Amino acid sequence: MSQSPWNDEFFGVKVLLDINQVIAEIEATGTLDALEALRVQYLGKQGSVSALLKTLGGMTPEQRQVEGPKIHALREAVTAELATRKAALETAALDARLAAETVDLTLPAPEAPKGSVHPVSQVMDELAEIFADLGFAVATGPEIEDDWHNFTALNMPETHPARAMHDTFYFPDRNEAGREMLLRTHTSPVQIRAMLREGAPLRVIAPGRVYRSDSDATHTPMFHQVEGLVIDKGIHLGHLKWTLETFLKAYFERDDIVLRLRPSYFPFTEPSVEVDVGYSIEGGRRVVGGSGDAPGHAWMEVLGSGMVNRKVIAFGGLDPDEWQGFAFGIGIDRLAMLKYGMNDLRAFFDGDVRWLAHYGFAALDVPTLSGGVGTPA
Ligand code: 2U9
């Protein structure tokens with residue numbers, strides 16, 4: 001392609017194309033951007049080679065036979081030259097990058113991001129550990145319950161006002177047995193199922209999610225409870241008090257926990273007691289320990305409990321003249337807040353990883369009694 005017939009007016013198109021010049025120009029480009037500009041200049045829609053191609057349309061067949069191969073050869077030569085230069089520029093760019101970038105293989109590898117254990121899960125593990133030491137198994141059950149297991153078997157018949165107090169989320173349809181279906185309002189149905197399934201004697205804790213149609217700064221529609229149930233012969237309030245005291249000492253890792261039992265009412269227990277612990281304020285935080293009557297101290301309610309109502313023992317398929325028991329219920333979220341110092345319940349369920357990074361626990365920091373439950377290493 002040395003000589004060029006297209007340095008002049010050519011079929012109405014002013015062309016200034018010297019193939020050697022074009023090639024020299026392409027070879028001289030120093031950047032991929034400049035090369036792209038040349039490609040557009042020659043081969044683009046408005047490009048000069050494209051303009052030449054268009055002139056073929058205005059030629060006689062004889063002229064086209066002569067000029068056609070030349071114009072196509074020109075286009076191919078320019079295309080090939082652009083490709084060659086592009087490859088050369090890309091190789092040069094890669095070589096420059098390789099020369100500039102170095103990898104120091106002696107540097108420590110970047111740390112992989114680590115998740116953390118949610119405080120609720122951590123406290124559930126701590127509770128399982130503490131109660132396992134006292135001979136309790138962990139029982140679980142469905143979060144979607146029927147009203148018999150959630151209410152009736154717990155001595156809350158259809159008309160019982162406590163049913164209304166529970167602000168229950170109901171499902172629109174009943175189950176095959178015609179029972180109303182709901183999201184469990186407490187974990188108590190788990191213990192009913194455990195009694196029916198396993199009989200007596202029985203020692204279980206039932207930790208898990210529960211639901212109530214309730215939402216403000218201190219109530220979320222879903223929260224966590226742990227309930228405990230002991231069924232055996234000759235069980236009395238003394239067993240209840242010792243068990244709760246032993247549990248709270250282990251959980252708060254303090255020997256000076258003082259309990260105050262106040263009479264109360266729950267349909268499922270008779271008699272019923274509410275349990276307070278003494279605490280003081282240190283550095284703006286509640287610190288559990290000491291008598292609530294001591295100077296600078298006060299009482300705070302932490303859980304509800306009582307001797308299992310005879311009717312509930314019978315609903316669980318056992319003879320209340322033969323078997324007695326005690327039961328208790330605690331809010332896990334509140335228990336976590338008290339021990340680990342969070343002050344807003346809602347943050348527990350926001351799923352904010354920054355909150356978790358602050359309050360979460362290392363995945364391998366499994367609570368053990370010997371290691372001090374919940375004490376990070
Ligand atoms: C069976 C028999 C008895 C469980 C009990 C409480 C008292 C109680 C509350 C504490 C704070 C719920 O999370 S909370 O809002 N619970 O006060 N729970 S006795 O009694 C039972 C359970 C199951 C078969």
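Since the structure is predicted, the reported quantities are computational estimates derived from the model, not experimental observations.
Side-chain atoms of Asp276 and Leu259, non-hydrogen and from C-beta on, never get closer than 4.5 Å to each other. Looking only at side-chain heavy atoms (C-beta outward), Ile23 and Val78 stay at 4.5 Å or farther from each other. At least one side-chain heavy atom of Val275 sits under 4.5 Å from a side-chain heavy atom of Leu244. Taking 4.5 Å as the limit, some side-chain heavy atom of Leu38 sits within range of a side-chain heavy atom of Gln41. Counting only heavy atoms from C-beta outward, the side chains of Val22 and Tyr42 approach each other to under 4.5 Å. Side-chain contact check for His72 versus Leu53: some heavy-atom pair is nearer than 4.5 Å. Using a 4.5 Å heavy-atom threshold, the side chains of Glu158 and Asp147 count as touching. Counting heavy atoms from C-beta on, the side chains of Thr220 and Ser215 never come closer than 4.5 Å.
By the 6.0 Å contact criterion, CD on Glu322 is enclosed, its count of non-hydrogen atoms from other residues, nucleotides or ligands being greater than 12. Other residues, nucleotides and ligands contribute only 12 or fewer heavy atoms inside 6.0 Å of the CZ atom of Arg209. More than 12 heavy atoms of other residues, nucleotides or ligands lie within 6.0 Å of NZ in Lys249, so this atom counts as buried by the packing criterion. The number of heavy-atom neighbours closer than 6.0 Å to CG of Leu32, taken from other residues, nucleotides and ligands shown, is above 12.
Hydrophobic clustering (ILVMFWY, side-chain heavy atoms < 4.5 Å, transitive): Ile130 and Phe136 are in one cluster. No continuous path of ILVMFWY side-chain contacts below 4.5 Å connects Leu74 to Val66, so the two sit in separate hydrophobic clusters. Under a hydrophobic-cluster definition in which Ile, Leu, Val, Met, Phe, Trp and Tyr are linked whenever side-chain heavy atoms come within less than 4.5 Å, directly or via other members, Tyr211 and Leu154 are assigned to different clusters. Ile231 and Ile205 are assigned to two separate hydrophobic clusters, defined by single-linkage of ILVMFWY side chains at heavy-atom distances under 4.5 Å. When hydrophobic clusters are built by joining Ile, Leu, Val, Met, Phe, Trp and Tyr residues whose side-chain heavy atoms come closer than 4.5 Å, directly or via intermediates, Val273 is grouped together with Ile257.
A side-chain donor-acceptor contact under 3.5 Å links Asp216 and Thr218. Under the 3.5 Å distance criterion, with hydrogens and angles disregarded, a donor-acceptor pair is assigned to the side chains of Thr185 and Asn150. Looking at Gln21 and Glu25, their side chains never bring a donor and an acceptor atom within 3.5 Å of each other. Using modelled atom types and a 3.5 Å distance limit, the side chains of Tyr170 and Glu180 yield no donor-acceptor pair. A donor-acceptor contact closer than 3.5 angstrom is absent between the side chains of Glu76 and Thr79. Residues Glu274 and Tyr265 have side chains that never bring a donor and an acceptor to within less than 3.5 angstrom of each other.
In this structure, Met337 CE and Ile332 CD1 are separated by 14.0 Å, a value rounded to the nearest 0.5 Å. Expressed to the nearest 0.5 Å, how far CD1 of Ile144 lies from CE of Met181 amounts to 7.0 Å. The distance from atom CZ of Phe171 to atom CD of Glu145, rounded to the nearest 0.5 Å, is 11.0 Å. Leu82 CG to Leu43 CG: the interatomic distance, rounded to the nearest 0.5 Å, is 5.5 Å. The structure places CD of Gln191 at 5.5 Å from CG of Leu229, a figure rounded to the nearest 0.5 Å. Separation of atoms CZ (Phe247) and CZ (Phe131) is listed at 4.5 Å; rounding is to 0.5 Å.
Figure legend: cation-pi geometry between Lys339 and Tyr251, with NZ or CZ positioned under 6.0 Å from the six-membered ring centre and within 45° of its axis.
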Please walk me through it: do Leu202 and Met195 pass side chain to side chain contact (heavy atoms under 4.5 Å, CB included)?
CA-CA 7 Å; Leu202 191 67; Met195 286 168 79; 3.7 Å; yes

Under the side chain to side chain contact (heavy atoms under 4.5 Å, CB included) rule, what do Tyr340 and Phe361 come out as? Steps first, then yes or no, please.
CA-CA 11 Å; Tyr340 295 114; Phe361 293 82; 3.5 Å; yes

Test Phe349 against His224 for ring-ring contact (aromatic ring centres under 6.0 Å, His included), laying out the working first.
CA-CA 11 Å; Phe349 313 119; His224 300 82; 5.6 Å; yes

Passes side chain to side chain contact (heavy atoms under 4.5 Å, CB included), Ile71 versus Thr55? Steps please.
CA-CA 10 Å; Ile71 297 175; Thr55 63; 4.0 Å; yes

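Side chain of Ser264 to main chain of Ser272: no donor-acceptor pair is present (N/O by atom type, distance under 3.5 Å, no hydrogens or angles). For the pair Arg212 (side chain) and Phe223 (backbone), a donor-acceptor distance under 3.5 Å is absent. Between the side chain of His118 and the backbone N or O of Phe348 there is at least one donor-acceptor pair closer than 3.5 Å. In terms of modelled atom types and a separation under 3.5 Å, the side chain of Arg64 and the main chain of Met59 share a donor-acceptor contact. Side-chain atoms of Asp214 never come within 3.5 Å of backbone atoms of Pro221 as a donor-acceptor pair (strictly under, hydrogens ignored). Of the possible polar contacts, none joining the His186 side chain to the Ser188 backbone as a donor-acceptor pair under 3.5 Å is found. With hydrogens and angles disregarded, a donor-acceptor distance shorter than 3.5 Å links the side chain of Asn175 to the backbone of Gly178. In this structure a side-chain-to-backbone donor-acceptor pair under 3.5 Å is present from Thr31 to Ala34. In this structure a side-chain-to-backbone donor-acceptor pair under 3.5 Å is present from Arg85 to Thr29. A donor-acceptor pair is defined here as one N or O able to donate and one able to accept, closer than 3.5 Å; no such pair exists between the side chain of His239 and the backbone of Leu237.
Among all heavy-atom pairs drawn from Phe315 and Thr152, the shortest one is CE1-O, 3.4 Å. Between Leu196 and Gly317 the shortest heavy-atom distance is CD2-N, 3.9 Å. Nearest approach of Trp299 to Ser291, heavy atoms of both residues: CZ2-OG, 3.7 Å. The shortest heavy-atom contact between Asn155 and Pro267 is ND2-O, 2.9 Å. Thr269 and Ala327 get closest at one heavy-atom pair: CG2-CB, 4.4 Å. The minimum heavy-atom distance linking Ser116 with Ala357 is given by the pair OG-N, 4.4 Å.
The pair Glu36-Lys86 does not meet the salt-bridge criterion, since no charged nitrogen lies less than 4.0 angstrom from a carboxylate oxygen.
For the salt bridge (charged side-chain N to carboxylate O under 4.0 Å, His left out) with Asp146, the qualifying choice from Arg179, Arg174, Arg184 is Arg179, the only one to do so.
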